[in-house]
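Numbers for residues simply follow the sequence, beginning at 1.
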Amino acid sequence: MKTFTAEQKRLIGLKFVIENICPTSPYGIERLKRLSVFSRSQIGELNCELDNLKLVVDNYRKFQAEFEMLAHLFSQSKYILRSIKRCASLQLDEVELFEFKEFLLLCKKIITQFNIINQEIKLNLSFADTTKPLEILDKDGSGIPTFYIEDTSSPELEAVRKQKRAIEKLIKQNLKTPSNMQELINLSVKEMQIENVIKASLCQKLIPYLGDIEYNCNQIARLDLLIAKAVFALKYPSSRPQIDCENLKVVDMTNPQISDLLQQRGQSFTPLAICIGSGVTVVTGANMGGKSVFIQTITLNVILAHLGCYVFAKKFETPFFDFFSFISCEQEQISKGLSGFGTEIVNLNFVYRQAKKEVGFIVFDEFARSTNAGEAQTIFSAVVKTFNQNSSFVLMTTHLDNVADEAKYHYQVIGLDKDKIKKMRLFDQEQGIEQIAGCMNYGLVKVDNIPLPKDAITICKLLGLDSDILSKIEP
């Protein structure tokens with residue numbers, strides 16, 4: 001997700017979602033950190049991931065205790081992928097061999113628990129049988145998660161340890177002579193050398209099974225993250241997205257981060273709906289009218305679909321996109337010496353070249369807002385006309401007049417509900433923004449060249465703008 005800055009991830013709500021998906025194993029946590037969109041060649045894998053996720057979501061309540069037990073087992077695992085690579089070069093120490101044995105014992109429990117669930121839900125996911133490598137490290141079959149190189153591992157080791165114990169006994173009996181101390185050192189070195197040979201031999205025996213052990217590590221990561229995705233998806237109205245469709249069609253779409261914030265204020269998120277094809281869609285509406293909420297919400301859900309996650313919508317159909325871009329005036333670029341408008345133009349040029357080769361999902365947030373209105377309208381219209389000839393899906397928000405005429409699709413945020421404003425007996429300027437939000441209808445309506453809502457003057461009044469200024473604004 002290098003296309004999006006950390007601030008943009010926070011803004012659209014992706015950071016919120018990632019932080020609330022909580023795998024419990026070090027493998028699942030690592031997989032979440034490396035979470036990235038699937039490539040076009042991986043559409044089959046993406047659909048497999050989404051099918052698996054649907055099975056977990058649909059069956060989670062029924063098998064909640066079993067899924068929670070799996071999460072508990074995952075949390076007990078230690079990260080051994082680096083040790084797997086070291087094992088191939090026969091370099092594992094005793095602690096690492098202990099961790100191998102511990103992992104294989106835990107893996108046995110995980111597979112047993114997984115099979116209980118999977119007998120019914122039939123996930124397209126499996127584990128390798130690692131019984132044989134476990135037998136190498138657990139010769140007596142005790143199943144106890146400890147590791148020690150026994151005396152009986154080698155006649156030579158048994159003899160050296162017997163001599164070593166005899167010398168240690170003499171030393172404890174106050175016979176700490178130089179010769180005894182030297183003998184103890186020599187025996188300890190020899191013991192270590194023999195143990196190293198035995199550890200190398202164990203590594204040699206494990207090598208044929210390293211691929212299976214690593215495979216199970218990856219399957220734990222996959223299943224752990226799958227369950228974590230499902231648990232989060234169940235907290236909100238969500239669904240499996242349909243991938244590789246012709247159009248982008250959304251019904252009752254929401255944004256969990258914004259929904260939570262509104263709920264804290266006693267308000268609710270207005271579900272959004274839209275249906276668009278390739279080319280440019282212009283979304284108009286006055287300031288504070290909800291354009292930003294819409295583009296944040298649809299961008300979040302498009303990204304989640306391509307990450308193999310559930311989307312927060314009743315229905316969600318999307319084409320497969322090769323790349324994603326969110327163009328806005330960013331302070332971090334301005335600090336590098338570019339103006340806000342300069343930043344937008346640099347990014348526009350880059351993304352257009354990319355769109356000549358691939359199909360992208362591209363968002364322009366209030367494009368050209370930092371230059372004068374006349375030039376802004378001209379440049380905005382030129383961008384619309386150019387991208388209309390492209391296969392990418394382009395969303396452009398604006399509150400400029402007369403710039404949506406060339407767009408293939410034009411949606412408008414409904415804006416202030418005049419009836420609600422009339423019913424307000426008293427407007428509290430200290431809570432003005434929240435009260436305005438309560439009077440806003442953030443729903444979208446498809447329009448055909450109707451004028452923009454003139455909510456700005458109404459908002460000025462509601463926020464108590466001084467009458468000296470208001471008198472010069474109103475006709």
With the threshold set at 4.0 Å, does a side-chain nitrogen-carboxylate oxygen contact exist between E7 and R10?
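Yes.
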Is D365 paired with K291 through a side-chain N to carboxylate O contact shorter than 4.0 Å?
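Not counted as a salt bridge, because no side-chain N and carboxylate O are separated by less than 4.0 Å.
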Test side-chain contact (heavy atoms from CB on, under 4.5 Å) on Q257 and N20 and set out the steps.
CA-CA 10 Å; Q257 182 178 24; N20 282 279; over 6 Å; no
Do side-chain atoms of [X] reach the backbone of [Y] as a donor and acceptor pair under 3.5 angstrom?
| X | Y | answer |
| --- | --- | --- |
| R240 | L53 | no |
| N59 | L55 | yes |
| N301 | F312 | yes |
| S89 | R86 | yes |
| Y310 | A230 | no |
| N118 | L123 | yes |
| N124 | N52 | no |
| S25 | F74 | no |
| D322 | G360 | no |

Determine the minimum heavy-atom distance between [X] and [Y], stating which atoms define it.
| X | Y | value |
| --- | --- | --- |
| A404 | T284 | CB-CG2, 4.5 Å |
| I21 | A228 | CG2-CB, 3.7 Å |
| A305 | T318 | CB-CG2, 4.3 Å |
| M253 | F269 | O-CE2, 3.6 Å |
| I276 | N247 | O-CB, 3.3 Å |
| V17 | L300 | CG2-CD1, 4.2 Å |

Contact check, side chains of [X] and [Y], non-hydrogen atoms, under 4.5 Å:
| X | Y | answer |
| --- | --- | --- |
| Q219 | F114 | no |
| K78 | F103 | no |
| V250 | L272 | no |
| L225 | L35 | yes |
| I136 | K132 | no |
| L395 | Y411 | no |
| S392 | V351 | no |
| I18 | K15 | no |

Would I213 and I80 count as a side-chain contact (heavy atoms from CB on, under 4.5 Å) if you check the C-alpha gap in whole Å, the side-chain angles of each, and the deciding distance to 0.1 Å?
CA-CA 9 Å; I213 297 170; I80 65 165; 4.0 Å; yes
Supply the atom-to-atom distance [X] [atom1] to [Y] [atom2], rounded to the nearest 0.5 angstrom.
| X | Y | atom1 | atom2 | result |
| --- | --- | --- | --- | --- |
| Y209 | I84 | OH | CD1 | 15.0 Å |
| I303 | F4 | CD1 | CZ | 4.0 Å |
| L92 | F147 | CG | CZ | 9.5 Å |
| F316 | S239 | CZ | OG | 8.5 Å |
| L73 | I111 | CG | CD1 | 11.5 Å |
| K229 | L304 | NZ | CG | 9.5 Å |

Can you list the steps and then say if L104 with L137 is a side-chain contact (heavy atoms from CB on, under 4.5 Å)?
CA-CA 9 Å; L104 291 169; L137 299 175; 4.1 Å; yes
Looking at residues at least two apart in the chain, or sitting in another chain, which of them share a salt bridge (Lys or Arg N to Asp or Glu O under 4.0 Å) with [X]?
| X | answer |
| --- | --- |
| R353 | none |
| K315 | E317 |
| E246 | none |

Other residues, nucleotides, ligands: >12 heavy atoms within 6.0 Å of [X] [atom1]:
| X | atom1 | result |
| --- | --- | --- |
| F350 | CZ | no |
| Q263 | CD | no |
| K408 | NZ | yes |

Between Y27 and N216, do the side chains contain an N or O donor and an N or O acceptor separated by less than 3.5 Å?
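Checked: Y27/N216 side chains show no N/O donor-acceptor pair below 3.5 Å.
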Check the side chains of H72 and E68 for a donor-acceptor pair under 3.5 angstrom, ignoring hydrogens and angles.
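No, no side-chain donor-acceptor contact under 3.5 Å.
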Just checking H306 against F324, ring centres under 6.0 Å apart?
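Ring centres of F324 and H306 closer than 6.0 Å.
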Using the rule given for side-chain contact (heavy atoms from CB on, under 4.5 Å), can you reason through K85 versus R82, listing the C-alpha separation, both sets of side-chain angles and the distance that settles it, and then say yes or no?
CA-CA 5 Å; K85 291 178 180 167; R82 284 184 287 270; 5.9 Å; no
Given F387 and Y352, is the ring pair (Phe, Tyr, Trp, His ring centres under 6.0 Å) satisfied, shown in steps?
CA-CA 8 Å; F387 273 103; Y352 181 63; 5.3 Å; yes
